[in-house]
Every structure is written in C-alpha cells, then in structure tokens.
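Positions are given from 1, in the same order as the sequence printed here. What you see is a predicted model, and the numbers here were worked out from it, not measured in a lab.
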Amino acid sequence: MTSSKQVLTDCTLCYHSCGTTVTIEDGKAVKVEGLPGHPINSDQLCPKGEAALTHVYSPNRIKTPLKKVDGQFVEISWDQALDEISAKLLKLKEEFGPSVLGVFSGSIGVENLEMAQLTQRFKAAFGSPNFFSVESICYRMRIRTRQITFGKYPTEELDSKLYILWGHNPDASDFPLKLALERNLAKGSKLVVIDPRRTPLADQADMYLKIRPGTDGAMAMAMLHVIVKEDLVDHEFVDKFTIGFDKLVPHVEPFTPEWAEEITWVPADKIRELARLFATTKGASIFQGTCTQDQTAGGTQNSRAFSVLQIITGNINVPGGWVISPRPHFGNVGLNVEGDPLGMDEYPLFIEVWGRKSPYGVITMVPEAIPDKLKAFYVVGGNPLVSMADSNAFREAFRRLDLLVVHDMFMTETAQEAHYVLPACSHLEKWGLAYTYNVCHCLPYLMLRKKCIEPIGESWSEWKVFTELAKRLGIGDKFPWQSEEELIQFELGPTGITFEQMLNDQPEGLYYGEKKYVVKDGIFATPSGKIEIYSDALAQVGANPLPEYIEPERSPKNSDAKYLKKYPLILSTGHRNYYYVHSQFRSIDELKAEAPHPVAEMGLKTGSTYGLASGDDILIETNRGSIKMKVALDERVAEGCIFVPHGWSGEANANLLTDTDCREKILGYPDVKSLMCSVRKLSAAA
C-alpha cells in the first residue's frame with residue numbers, strides 16, 4: 001500500500017523562497033506545486049520551481065565524497081575525507097596561523113540562513129576572519145548604503161502606486177514582483193522602466209527611458225536637481241526627520257537634465273517628466289536591479305542617490321514606498337573572531353560602520369591574496385570560478401592553494417579544481433528557516449523549510465559536515481546542536497516561535513510582526529538619530545558625503561583613443577535568464593529546451609556594422625579574455641552596446657571578460673556592467 005503525504009515548505013532554488021506543496025509517496029518526492037495562499041507566489045511557480053524534482057533527482061548529482069588523485073577524482077569515505085581535510089587544515093594553521101583559511105558561502109543567508117551562518121561559525125571557530133560570499137558583488141551594497149543613510153534597511157514593497165524598474169527586469173529575475181505588477185497595473189498603478197534594453201514590461205510602461213550602461217547615477221543626480229530646483233520636496237518630512245538637506249541644495253545645482261542627457265542618452269525633458277511624476281506620487285518606489293547599479297564605478301553613490309530621491313519626496317514608511325519592516329531576531333549562530341577580514345584596510349565601510357562589524361571580506365581581493373594571505377579555501381554551495389568577476393584570475397589563484405574543498409550537489413567548474421568534493425543535500429533533504437520575504441519584499445513573514453525526503457546517496461547537510469569536521473579540528477564544542485531541528489529551535493529562540501508551532505500548527509508560514517506606516521523619533525539608528533542625507537560615515541573614509549556621479553573607469557568617455565580603437569563597444573554582463581539562477585540548472589532538460597545556449601544581445605545597426613546576423617557565432621574580447629556565444633540583433637537594444645548573460649560555463653563564461661582590478665572605490669565591488677569590448681564574427685570552423 002502506497003504511503004502518501006503532502007509537505008508545505010518553500011522553494012530554495014532562488015532567493016525568493018516561494019511557497020510550495022511537495023507530495024511524498026513512499027519516501028520519494030513525486031510532485032511540487034505552488035502553495036495556495038502564500039503571500040509571495042500563492043499557487044504559482046516559475047519554470048525553475050516546476051522543475052525542482054528534476055534538479056533534486058538529477059543523475060549528475062555527486063553522491064559520495066571525492067578526492068583528486070593524479071588529476072582524477074576517486075571515491076572515498078566520509079571518514080577519510082574529513083580526516084585528511086582536518087589534518088591539512090591543522091598543519092596549515094600550525095605553520096601559518098588560522099587566517100590562511102578562507103571560506104565562501106554561495107548564500108548570503110537570505111536563501112539559506114543555515115548555510116551562511118554555519119559557514120561563518122566554522123571559520124570563526126577555526127580562528128579565521130576570512131568569510132566571503134556573494135555579498136561582495138551582490139545586494140550588500142544597497143543594504144550597506146541604506147544602513148549608513150537610515151541606520152536600518154528600508155525595503156521596497158510588492159504593492160506600489162508607482163514602480164520605477166531601474167535596470168530591473170522582473171520577467172527574468174523576480175517572479176513575485178512579476179506577479180505583483182500584473183495585479184497592480186490592472187488596478188491603475190503606474191510603471192516606469194529605465195533600461196538600455198527595452199524589456200517586455202517596457203511595452204506596458206507609462207514611460208520607457210533607454211539609458212547608457214553605468215550612467216544611472218547621472219540621471220539620479222539630475223532628478224534630484226529637478227526636484228530641488230522646482231521645490232517638489234516634502235519639506236515637512238525632510239525638516240523633521242533628516243539632516244544635510246541644506247548641503248544637498250547647492251550640491252545638486254550643476255547636475256541639470258541637460259548635463260545628464262549628454263552622459264546618459266536620456267532626453268532632458270524625459271528626466272524632468274520622470275522627476276515630477278516621482279515627486280508628486282506618494283507611494284512611489286525605485287526598484288533597483290539586483291546588481292545593475294552596484295557593479296559599476298559609482299555603485300555606492302548610485303544607491304545613495306536613489307535613497308535621497310526616496311527621502312526628499314517623503315516616500316519612506318508610506319504604503320508603496322520604501323518601508324522599514326520589523327526584522328526577526330534570531331539566535332546568533334555566528335561567533336566573534338579576532339582580526340579583520342580581507343579588505344578592511346582598503347574598503348573599511350564594507351566591514352564596519354559606527355563600530356558595528358560585519359563578518360564579510362571583499363572577494364575581489366581574493367586572487368591577489370593567494371598564496372601569501374590565503375592558502376586554503378572551503379567553498380559551500382557556490383561556484384566562484386564562474387560567478388565572481390575575473391574567472392581567469394580566480395582560476396589561476398585557486399590552483400595555487402594548498403587545499404581547496406567544495407561542498408556541492410554538482411561538479412561545478414570550481415569543484416573541478418578542488419582537492420576534495422563533498423556531496424551536499426538539496427533543499428528538500430534538510431531543515432531550515434525561510435525568512436527572505438522581509439529582506440527582499442518587505443513582508444514580515446517566516447516559514448519552516450521542512451526536510452521532505454532523506455538525503456540522496458551519501459549527501460550531508462552543512463550542519464552535519466561542519467559538526468563532524470569541527471570534532472576532528474578540536475573545536476567540536478563550538479557546534480553543540482545534536483540535530484538540524486535543534487539548530488532551528490536555537491535560531492527561533494528569541495522570536496518566541498517554536499519549531500513545533502511552525503511544523504504542526506502553521507506549516508504554511510506565519511507573520512511574526514506587523515508593518516506600521518509611521519515615522520517617529522528614534523526609528524533611524526544613525527549616530528544623529530536622523531536620516532543622513534549628508535553622510536558622515538562616507539566623509540570619514542574620504543568619500544563624498546553627498547551623492548555624486550562617477551563615470552565608469554572604462555567607458556567611451558574615460559578611455560583613451562588607442563583603447564577605444566581596440567575595444568569600441570560598451571560591454572554589460574550579468575543579465576538574468578528566466579530559466580536559470582546564476583550558474584545553476586543548465587543540465588535540466590525542460591529548462592534547456594527553453595534556453596539551450598547563451599545569447600549576447602546587440603542593436604540592429606551595431607550588429608550590421610560588424611556584418612552580423614542573429615544566430616551568428618561571435619567572439620567577444622576584452623583586456624582580460626575572450627568568450628564565444630551566439631548573438632541576437634534586436635531594435636530594442638541600445639546601439640553601441642553588447643549585453644552578455646552570466647552563469648554559463650566554459651568558453652561562454654561572461655566572467656572571462658571581467659576584471660577584479662576594475663573596482664568601485666568605496667565598497668570594492670567589481671565593475672561588470674560598463675566595460676569596453678570588441679566583437680567579431682566567427683567562421684563556421686572556429
């Protein structure tokens with residue numbers, strides 16, 4: 001007789017953590033559907049979520065620990081793997097000190113809280129400060145920038161009266177926002193799309209503005225100019241809750257729409273029109289692209305300008321604006337450790353603000369730190385040789401490591417370089433907490449991620465690997481939890497919510513707090529207690545305390561004639577694909593059928609200049625390397641540019657083109673959105 005049950009859990013295949021209903025028959029997951037009533041996705045799933053079981057039960061999964069012997073991987077036992085890894089780590093620690101270990105987590109803690117928290121705890125227990133993650137290239141810049149402005153992190157809501165999609169394409173990367181837009185545009189919400197590619201949503205927009213990659217800050221500065229000059233400011237809000245507006249007024253004087261038009265390609269009258277629309281809409285919100293404005297020369301200042309736009313129009317803590325929603329207070333899995341992570345000397349704001357330290361190192365500095373500062377690397381749930389800027393530099397550096405360990409479900413490009421590869425559990429094979437909803441969509445909602453099936457093969461969760469490895473390293477007391485369930489209960493402790501409550505009483509999830517659309521004294525945790533339009537934190541590190549525009553380091557305006565002759569096209573890498581997440585899921589047949597190969601995008605006129613037609617194979621080259629992929633020519637794409645998707649491996653890896661030396665100066669992010677390149681058609685034999 002078949003045993004069947006349904007488990008209400010979340011999908012962890014991207015950071016949204018959509019609600020799912022998983023059907024289990026005789027211990028095997030046989031169906032995944034959307035969870036009716038879930039506040040993010042209701043009963044709907046994107047193609048990746050629909051293909052979750054193909055991913056979980058993939059024949060390509062790593063199912064046993066592997067060791068590289070004479071260039072080939074051989075299967076070994078868990079005991080042998082952990083014994084040998086721990087012995088190598090202890091030897092390196094004894095000879096060079098604990099800080100030679102670097103760890104990399106593919107999650108910032110949003111998609112997988114336990115992965116990130118346990119990885120942080122492990123490096124600290126070992127004695128190293130060097131924790132790295134995608135925080136160094138993704139999302140943290142906007143969090144840090146809003147923290148130094150507001151003292152907290154206000155978030156865009158799903159429901160807004162005016163959506164400004166600024167380099168953000170929900171059709172490809174933000175399924176919950178895509179659903180919210182469908183719902184709210186039908187009710188009369190307005191939409192503005194700012195993008196060098198005319199995305200499908202732009203056809204529904206009240207305004208579409210085609211902008212030069214990397215110049216978002218110039219347009220934001222011009223909008224500030226218009227709002228201040230035309231006195232469209234919410235003075236009541238500004239006077240009561242901010243400091244520095246008096247300094248902003250003369251500061252924005254030179255940044256006219258005409259000045260911005262020359263830089264951005266956006267007509268001055270359109271910039272004025274947008275500034276007026278934004279300033280006169282209460283409940284308006286700028287939705288930044290995930291990394292669009294961050295991964296440029298002016299990333300921090302771009303985010304600062306967006307923050308100030310929200311502030312001076314009073315679109316803070318109002319329905320549809322940026323809202324400070326209550327955060328869950330979890331038990332702290334992390335540990336303090338002596339020393340500063342890599343990057344503190346050059347990018348101190350990335351690590352510390354007002355004495356509040358974060359555990360993150362600056363990953364763009366990793367290649368240059370190997371082997372002098374870093375000699376061992378432990379990678380969990382990530383693929384930095386494809387996902388981080390300058391894959392060439394990372395690969396060369398990783399080959400100089402004394403020890404590289406990768407804990408993953410699949411043999412990624414990073415895993416191929418490892419000395420040891422350890423089989424990991426999928427999201428259906430372990431317990432966890434889904435709390436991304438508040439960080440990304442301003443919903444104070446929490447859900448228990450249930451263990452639906454037993455681990456496949458010899459796969460282990462992060463909790464089990466770190467617990468067993470810690471015992472061999474003599475730090476077992478730092479991992480006191482006897483089970484994953486006990487760890488989750490520890491995390492939940494300060495919330496007053498119990499594991500049993502979330503498992504049995506509210507398996508669909510629960511609201512742990514209530515948003516209150518009020519602004520009151522003391523809500524902003526800055527030294528002044530006010531929103532800081534003028535940032536003393538930035539001033540202290542030698543940066544402009546007021547927002548400014550910074551031209552990309554390598555651009556048509558900043559590059560010399562010789563460089564531009566060799567690399568005449570603007571290169572922007574990293575746009576998303578609806579069917580994949582970063583470097584994941586490209587072996588899933590149903591997704592490959594929809595997007596079988598990488599495609600670079602160019603404008604029709606630009607493509608014809610190079611004798612190209614859609615479907616041609618091309619070579620794209622920068623000062624760092626070259627890649628091959630097909631090209632699509634489209635009148636919807638800005639001329640003079642080429643847009644290259646990221647996440648593909650091998651000779652189509654976009655990060656073979658990027659450069660860790662080309663960094664944003666305040667937080668150390670790589671500029672991968674506004675470089676320069678050349679393009680040529682490949683012959684059929686190439």
Side-chain angles (χ1 to χ4, degrees), residues 137 196-197 212-214 291 295-297 364 367-368 384-397 399 413 551-575 577 582-583 597-634 637-663 669-686:
I137 66 167
R197 299 182 303 147
R212 172 164 71 96
C291 303
Q295 295 172 346
T296 68
T364 46
E368 66 199 56
L385 289 193
V386 171
S387 59
M388 297 297 109
D390 206 337
S391 293
N392 290 307
F394 268 90
R395 182 171 289 103
E396 292 162 8
R399 288 176 177 174
E413 283 201 21
E551 177 71 21
E553 181 180 335
R554 294 175 191 156
S555 74
K557 290 184 176 291
N558 256 352
S559 302
D560 60 35
K562 184 178 179 181
Y563 192 85
L564 288 176
K565 184 176 181 180
K566 189 171 184 179
Y567 304 114
L569 289 175
I570 297 171
L571 167 69
S572 185
T573 72
H575 64 265
N577 186 299
H582 306 308
S583 65
H597 47 249
V599 178
E601 298 177 25
M602 298 175 69
L604 284 174
K605 294 179 182 177
T606 305
S608 65
T609 300
Y610 290 88
L612 301 176
S614 290
D616 284 345
D617 292 311
I618 61 172
L619 183 81
I620 308 165
E621 188 173 16
T622 68
N623 64 311
R624 285 300 295 150
S626 62
I627 65 171
K628 298 176 182 178
M629 60 177 58
K630 292 188 179 296
V631 68
L633 307 186
D634 196 328
V637 177
E639 302 293 349
C641 306
I642 183 165
F643 297 89
V644 175
H646 82 308
W648 295 88
S649 59
E651 63 183 10
N653 174 10
N655 277 317
L656 294 173
L657 303 173
T658 56
D659 189 349
T660 50
D661 289 335
C662 198
R663 299 178 197 155
Y669 273 44
D671 183 348
V672 302
K673 301 299 185 189
S674 47
L675 300 170
M676 303 299 294
C677 72
S678 64
V679 170
R680 66 178 173 86
K681 182 178 178 179
L682 289 171
S683 64

Query raised in the report: What is the distance from atom OG1 of T658 to atom CG of L656, rounded to the nearest 0.5 Å?
Result: 8.0 Å
Requested in this report: Quickly, which of D659, D671, D661 forms a salt bridge (charged side-chain N to carboxylate O under 4.0 Å, His left out) with R554? Name it, please.
Outcome: D659
**Report entry** CZ on F394 to CE on M388, rounded to 0.5 Å
**Finding:** 7.0 Å
Query raised in the report: Mind checking what makes side-chain hydrogen bond (donor to acceptor under 3.5 Å, both in side chains) contact with S555, not counting sequence neighbours?
Result: E551
Query raised in the report: Would E413 and R395 pass as an ion pair if we require N to O under 4.0 Å?
Result: yes
Query - side-chain hydrogen bond (donor to acceptor under 3.5 Å, both in side chains) against K630, all qualifying residues, sequence neighbours excluded - result: D617
Show me, pair by pair, the donor-acceptor contacts under 3.5 angstrom made by side chains of residues 562-571, not counting sequence neighbours?
unit_1: Y567; atom_1: OH; unit_2: T622; atom_2: O; d: 3.4

Requested in this report: Please round to the nearest 0.5 Å and tell me the distance separating atom CD1 of I137 and atom OG1 of T660.
Outcome: 12.0 Å
Report summary line: Here the salt bridge (charged side-chain N to carboxylate O under 4.0 Å, His left out) pairs for residues 600-611, sequence neighbours left out, are R197-E601
Query raised in the report: H646: what forms a ring pair (Phe, Tyr, Trp, His ring centres under 6.0 Å) with it, not counting sequence neighbours?
Result: H582
Query raised in the report: What pairs with D390 under salt bridge (Lys or Arg N to Asp or Glu O under 4.0 Å), at least two apart in sequence or on another chain?
Result: R624
**Report entry** Expected output: side-chain E639 to main-chain T606 donor-acceptor under 3.5 Å
**Finding:** yes
Requested in this report: Find the distance between CD1 (I627) and CE (M629) and round it off to the nearest 0.5 Å.
Outcome: 3.5 Å
Report task. Starting at CG of D634, measure out to CZ of F643 and round the result to the nearest 0.5 Å. Result -> 11.0 Å
